[in-house]
Amino acid sequence: MGCQEVHAVTLFAFVCGTASIAGLFAATLLPQWRQMKLYTYNRNEKNLTVSIGLWVKCTRQEWSRECMMYDTEWYASVDQLDIRVLQFALPFSILTAAAALILCLTGICNTTFSSSVPNLKLAKCLVNSAGCHLVAGLLYILAGAMSITPTIWSIFYNLVLNNKYGTYFTYDIAVFVAIGSAGGMFFTAVLLFLWYCACKSLPSPFWQPLYSHVPSMHSYVPPSYSSRSRMSAIEIDIPVVTHTA
């Protein structure tokens, strides 16, 4: 299969990118980023578990799934630095990955509907499969870095909270979902780079289309002329003066 056709690698990268964005979006909305367990020594009362998310906070009894108190204004009164950073980092990561997904789809459509011989009027256009997949891979790496860095930091930030308040804090399932989604973005970028390296003819410029030779805009073959040049005849009338006796 030629590189002008849609490879299974690009389709698989598109599916992985979509799943990664969906997973990161779900992790952003999940209220299980951190757990805080409150213990009591009274036998008539039950221990409490506080599930802390990026936007809401849920307080429930231990081993129960029903929230006794649901704080919907938690996003405005966050007092934990890592949660506040995640509130800004994850939405930007989702937007960056969405832009990469659109570029990947553009590259797939370009390889599907464009011919191997480019149009002379569009020969200098930068919208091509190689450029789209290359930029999409870079954006996926950027999105993965923006999401995985504060997520891993939130794991270590539990140690700071435990040293300050006691061993009450631990990370929850949303951390694993975010890390898995970021890993999916890195894997998608690797797939796009592998496709690019396998199909791009080097050493041409990175952003140029897939074909190795770009037709010149000035590749016009003039018609052949005779070796002898013809000069136009110029007739000059010279008046003649005659003298009569």
Side-chain angles (χ1 to χ4, degrees), residues 12-39 48-60 62 65 67 71-104 133-194:
F12 186 55
F14 180 80
V15 173
C16 288
T18 305
S20 300
I21 295 174
L24 189 60
F25 183 77
T28 305
L29 298 180
L30 281 176
Q32 288 100 7
W33 275 88
R34 176 170 290 133
Q35 279 190 1
M36 181 176 61
K37 295 185 177 181
L38 304 177
Y39 300 97
L48 297 178
T49 299
V50 181
S51 295
I52 301 174
L54 302 184
W55 317 105
V56 295
K57 183 167 60 174
C58 173
T59 303
R60 65 180 185 273
E62 192 176 14
R65 295 183 178 181
C67 290
D71 188 3
T72 57
E73 297 182 356
W74 163 249
Y75 67 93
S77 59
V78 173
D79 57 351
Q80 301 172 9
L81 183 59
D82 60 331
I83 299 297
R84 181 67 74 185
V85 172
L86 286 167
Q87 286 180 345
F88 289 95
L90 294 190
F92 278 109
S93 177
I94 293 174
L95 292 177
T96 305
L101 187 67
I102 294 174
L103 281 176
C104 182
H133 290 317
L134 179 63
V135 177
L138 295 175
L139 289 179
Y140 272 124
I141 291 180
L142 179 61
M146 284 193 299
S147 59
I148 199 172
T149 303
T151 301
I152 294 179
W153 180 45
S154 66
I155 297 177
F156 293 99
Y157 197 79
N158 289 320
L159 301 177
V160 178
L161 296 176
N162 289 331
N163 293 332
K164 186 176 181 180
Y165 300 105
T167 56
Y168 304 117
F169 298 91
T170 183
Y171 48 87
D172 210 344
I173 187 173
V175 174
F176 300 102
V177 177
I179 292 177
S181 301
M185 293 180 184
F186 289 132
F187 180 70
T188 304
V190 170
L191 289 177
L192 293 176
F193 289 153
L194 286 177

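Side chains are part of it too, since the values below use all heavy atoms of this structure and drop only hydrogens, waters and symmetry mates. Counting begins at 1 with the first residue of the sequence.
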Peer 1: Judged by atom type as modelled, is there a donor-acceptor pair below 3.5 Å linking the side chain of W55 to the main-chain atoms of Q87?
Peer 2: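 No; zero donor-acceptor contacts below 3.5 Å.
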
Peer 1: Just wondering, are more than 12 heavy atoms of other shown residues or ligands nearer than 6.0 Å to CZ in F193?
Peer 2: yes

Peer 1: Which pair of non-hydrogen atoms, one from A145 and one from P150, has the smallest distance, and what is that distance?
Peer 2: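 Minimum heavy-atom separation between A145 and P150: O-CD, 4.3 Å.
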
Peer 1: Let me know which of I155, D82, L54 forms a side-chain contact (heavy atoms from CB on, under 4.5 Å) with R34.
Peer 2: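 Considering I155, D82, L54, a side-chain contact (heavy atoms from CB on, under 4.5 Å) with R34 is found only for D82.
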
Peer 1: Minimum heavy-atom separation for Y140 to A189, with atom names?
Peer 2: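 Minimum heavy-atom contact is CB-CB, 4.0 Å.
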
Peer 1: Looking only at heavy atoms, which two atoms of F169 and Q80 are closest? And how far apart?
Peer 2: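 Shortest heavy-atom separation between F169 and Q80 comes out as CE2-NE2, 4.3 Å.
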
Peer 1: As an exercise, state the distance from OG of S93 to CG of L142, rounded to the nearest 0.5 Å.
Peer 2: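 These two atoms lie 8.0 Å from each other.
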
Peer 1: For residues I141 and F186, determine if any side-chain heavy atom of one lies less than 4.5 Å from a side-chain heavy atom of the other.
Peer 2: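 Side chain of I141 against side chain of F186, heavy atoms only: contact under 4.5 Å found.
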
Peer 1: If you take all heavy atoms of A136 and C104, which pair is closest and at what distance?
Peer 2: CB-N, 4.1 Å

Peer 1: Would you name the heavy atoms of I83 and G53 that are closest together and state the gap between them?
Peer 2: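 Of all heavy-atom pairs spanning I83 and G53, the closest is CG2-O, 3.8 Å.
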
Peer 1: Looking at OH of Y157 and CG of N162, how far apart are the two atoms once the value is rounded to the nearest 0.5 Å?
Peer 2: 11.5 Å

Peer 1: If you define the side chain from C-beta out and look only at heavy atoms, does anything of W153 sit under 4.5 Å from L86?
Peer 2: no

Peer 1: Sequence neighbours excluded, which residues qualify as disulfide (SG to SG under 2.5 Å) partners of C16?
Peer 2: none

Peer 1: Please find the pair of heavy atoms, one from V56 and one from P31, that lie closest to each other, and give the distance.
Peer 2: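 That would be CG2-CB, 3.6 Å.
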
Peer 1: For the residue pair T28 and W33, establish whether any side-chain heavy-atom pair is separated by less than 4.5 Å.
Peer 2: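 T28 vs W33: side chains apart.
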
Peer 1: For a side chain to side chain contact (heavy atoms under 4.5 Å, CB included) check, start with the C-alpha distance between W74 and I52, then their side-chain angles and the critical distance, and finish with the verdict.
Peer 2: CA-CA 9 Å; W74 163 249; I52 301 174; 3.6 Å; yes

Peer 1: Measure the CE-NZ distance between M36 and K57 for me, rounded to the nearest 0.5 Å.
Peer 2: 6.0 Å

Peer 1: Run the side-chain donor-acceptor check on residues 170-182: report pairs under 3.5 Å with partners two or more places apart or on a different chain.
Peer 2:
unit_1	atom_1	unit_2	atom_2	d
D172	OD2	Q35	NE2	3.2
S181	OG	L24	N	3.1
S181	OG	V177	O	2.8

Peer 1: Under a 3.5 Å distance rule, please check whether S147 uses its side chain to pair with a backbone N or O of G144 as donor and acceptor.
Peer 2: yes

Peer 1: Working to the nearest 0.5 Å, report the span between CE of M185 and CD1 of I21.
Peer 2: 5.5 Å

Peer 1: Sort out for me which residue in L134, L192, V135 forms a side-chain contact (heavy atoms from CB on, under 4.5 Å) with L103.
Peer 2: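 Testing L103 for a side-chain contact (heavy atoms from CB on, under 4.5 Å) against L134, L192, V135 leaves exactly one candidate, V135.
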
Peer 1: What residues form a side-chain hydrogen bond (donor to acceptor under 3.5 Å, both in side chains) with S51, not counting sequence neighbours?
Peer 2: R60

Peer 1: Distance from L81 atom CG to L161 atom CG, nearest 0.5 Å?
Peer 2: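 One gets 10.0 Å once the value is rounded to the nearest 0.5 Å.
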
Peer 1: How far does CZ of F14 sit from OG1 of T188, to the nearest 0.5 angstrom?
Peer 2: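 One gets 11.0 Å once the value is rounded to the nearest 0.5 Å.
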
